[in-house]
There are 2 protein chains.
Amino acid sequence: MLENIQELIDQYIDLSFSVHRKGESLIRDQIGSDLTNDQHYILRYISQAKSCTSSELAEEFDVKKSAITAIINRMWEKGLVERTRDEKDRRVVYLTLTDKGNQLYVDCEERIYKLVESFIKKFDPKEIKQFLETYKKLNQILIESKDYKVEE
Amino acid sequence: MLENIQELIDQYIDLSFSVHRKGESLIRDQIGSDLTNDQHYILRYISQAKSCTSSELAEEFDVKKSAITAIINRMWEKGLVERTRDEKDRRVVYLTLTDKGNQLYVDCEERIYKLVESFIKKFDPKEIKQFLETYKKLNQILIESKDYKVEE
DNA sequence: CGTTAATAGTTAACTAGTTGAATAATTAAT
DNA sequence: ATTAATTATTCAACTAGTTAACTATTAACG
């Protein structure tokens, strides 16, 4: 049985807030000012998926489709993404990166890798692997309890 | 030496994004619709500090003071926080929670505790402690490298 | 077949959070 | 006493999110 469960929870909430905030801030500084963090994550997702739809992004990022439309519009204005209609099902629009988008992604990743690499060196490899294992488990639990409600 | 350092970094980025997004979403559902996540964190901070200033919040949350002013304005309109001028140094404004703010905080925390508690049960206590240790270390490194720049 | 559902995406109005620049009020420095 | 610096605010402009209404298209099925 855990003692001080309340303390653990407080620690986790404070840490997760702080780490996320400071991590985002570092990445923002690192990737330069022309791309917001959200746009970077979208860039990242499309790059890895090669091609995807608005619905897919909305599902993945847990936001409404209209929010995706807005963010894609801004990235489209910057010449980073392309929209192509599916000829079979003309409701569907495929999102892909332009050459400029791809290049920007590669540049960002290189910088982020250097950044995270310099941090990773400060940890024991075993410690990192254990950390990631637990993190992965936590993520899985969060996914499974998407519509979880604590009973009153 | 770590093999597949690139893969580890990718894993971490994807996980931290996903966990944060889904965690925030769960907390938002849990605390009800009248408080945004950011407002909840501010509420939390002021409650624990008893009293604080805008500058302190801006420093802690890593945003400009004008952003804090805006958030505090919205919370003030909801009757959650009070502003009191320091009589010694009349530039300073102290922020404290009203009774309503305190009550809301207590209610939110109770719900969040129940939520996190139900998740914590799914982990080995030892695993949690190790996880938090590494997380704490990561946070410390992030704090220390606030203005870190990767050399080109 | 034709009408009704459902799906994919967009648009518009609104709220929240953020920055940056300008400002007001006050205190510190010399 | 004048100039600096500090604390907080206001304002304009922007990103990101929601809800609701809408368009266009496809699916369902009597």
- Residues B:Lys129, B:Asp124: salt bridge by 4.0 Å N-O rule: no
- Query: By side chain to side chain donor-acceptor pair (under 3.5 Å), which residues pair with B:Arg44, not counting sequence neighbours?
  - Reply: A:Asp10, A:Asp14, B:Glu109
- Query: 5'-most contact on DNA chain C: B:Lys88 or B:Asn37, nearest heavy atom basis?
  - Reply: B:Asn37
- For A:Arg90 and for A:Ala70, find the nucleotide of DNA chain D with the closest heavy atom, then tell me which residue's nucleotide is more 5'. A:Ala70
- Please report, rounded to the nearest Å, how far the P atom of D:dC22 is from the NZ atom of A:Lys64. 20 Å
For nucleotides 13-15 of chain C, which of its nitrogen or oxygen atoms have a protein nitrogen or oxygen under 3.5 Å away, and what is each distance?
none

- Message: Tell me the interatomic distance from B:Asp86, atom CG, to D:dA8, atom C1', rounded to whole angstroms.
- Response: 13 Å
- Note on the structure: The side chain to side chain donor-acceptor pair (under 3.5 Å) partners of B:Tyr135 (sequence neighbours excluded) come to none
Side-chain donor-acceptor pairs of residues 64-77 of chain B under 3.5 Å, sequence neighbours excluded:
unit_1	atom_1	unit_2	atom_2	d
B:Thr69	OG1	B:Lys65	O	3.2
B:Asn73	OD1	B:Arg83	NH1	3.1
B:Asn73	OD1	B:Arg83	NH2	3.1
B:Asn73	ND2	B:Thr69	O	3.4

- Task: Do nucleotides 3-10 of chain C as a string where each nucleotide becomes B, S or -: B if the base has a protein heavy atom under 4.0 Å, S if just the sugar-phosphate does, - if no protein is that close.
- Result: ---BBBBB
- Could you give all pairs that pass the salt bridge (Lys or Arg N to Asp or Glu O under 4.0 Å) test and reach residues 87-101 of chain B, with sequence neighbours left out? B:Glu87-B:Arg90, B:Asp89-B:Arg91
- Message: My understanding is that only residues two or more places apart in sequence, or in another chain, count here; which of them pass side chain to side chain donor-acceptor pair (under 3.5 Å) with B:Lys136?
- Response: none
- Query: Is any side-chain nitrogen or oxygen of B:Arg21 closer than 4.0 Å to OP1 or OP2 of D:dA16?
  - Reply: no
- Message: Could you tell me how far apart B:Arg28 (CZ) and D:dA16 (P) are, to the nearest whole angstrom?
- Response: 16 Å
- Message: Run the ring-ring contact (aromatic ring centres under 6.0 Å, His included) test against B:Tyr12 and tell me which residues pass, sequence neighbours left out.
- Response: none
- Query: Got a sec, which residues hit side chain to side chain donor-acceptor pair (under 3.5 Å) with B:Glu110, two or more places apart in sequence or on another chain?
  - Reply: none
- Tell me the stems DNA chain C sits in, counting at least three consecutive Watson-Crick or G-U wobble pairs, each under 3.5 Å on both distances. C:1-4 with D:27-30, C:6-26 with D:5-25, C:28-30 with D:1-3
- Only counting residues at least two apart or in another chain, list the ones meeting ring-ring contact (aromatic ring centres under 6.0 Å, His included) with B:His40. none
- Item | Where at least one partner belongs to residues 46-67 of chain A, residue pairs that pass ring pair (Phe, Tyr, Trp, His ring centres under 6.0 Å), sequence neighbours excluded | A:Phe61-B:Phe17
- Query: Rounded to the Å, how far apart are B:Asp38 CG and D:dG17 P?
  - Reply: 12 Å
- Query: Where is the tightest heavy-atom contact between A:Val19 and B:Leu138, given as atom of each residue plus distance?
  - Reply: CG1-CD2, 3.9 Å
